[in-house]
Visitor: 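Sharing a structure here in structure tokens format.
Throughout, numbering of the chain's residues begins at 1 and tracks the sequence.
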Amino acid sequence: MDGQYRKDIHPGLEVAIILKKDQRSGKLTYGIVKDILTSAAFHSRGIKVRLEDGQIGRVAETDVVDPDGE
């Protein structure tokens with residue numbers, strides 16, 4: 001699943017996000033959602049979230065397994 005719909009994202013969900021600095025490369029960062037920052041029900045580039053470690057980015061994938069196992 002992609003992360004364009006707010007209804008699909010909730011705190012505690014493991015996701016892959018794209019940080020602002022990684023938008024050109026598309027590098028994914030993995031973590032657990034702490035806060036949902038986008039108030040709209042839909043966003044074409046992905047719902048913006050804050051991870052538990054404080055990083056902020058747009059959700060690229062919601063059905064993920066961190067390849068680093070972290």
Visitor: Is a side-chain N or O of R58 found less than 3.5 angstrom from the main chain of G46, in a donor-acceptor match?
Guide: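 Checking the backbone N and O of G46 against the side chain of R58, a donor-acceptor pair under 3.5 Å is found.
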
Visitor: Could you identify which residues cluster with I17, counting Ile, Leu, Val, Met, Phe, Trp and Tyr as linked when any side-chain heavy atoms lie under 4.5 Å apart, either directly or through a chain of such contacts?
Guide: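 ILVMFWY cluster around I17 also holds I9, L13, V15, L19, V33, I36, I47, V49, L51, V59.
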
Visitor: If the condition is side-chain contact (heavy atoms from CB on, under 4.5 Å), which residues does A60 pass it with, not counting sequence neighbours?
Guide: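 By the side-chain contact (heavy atoms from CB on, under 4.5 Å) rule, A60 matches I18, L28.
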
Visitor: Quick one: salt bridge (charged side-chain N to carboxylate O under 4.0 Å, His left out) pairs with a partner in residues 15-29, sequence neighbours left out?
Guide: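 Residue pairs with at least one partner in residues 15-29: there are none.
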
Visitor: Drop me the distance from F42's CZ to R6's CZ, to the nearest 0.5 angstrom.
Guide: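 Spacing of CZ (F42) from CZ (R6) equals 14.5 Å.
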
Visitor: Write out all pairs satisfying side chain to side chain donor-acceptor pair (under 3.5 Å) with one or both partners inside residues 44-55, taking only residues at least two apart or from two chains.
Guide: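 Listed by first then second residue: D35-R50, D53-Q55.
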
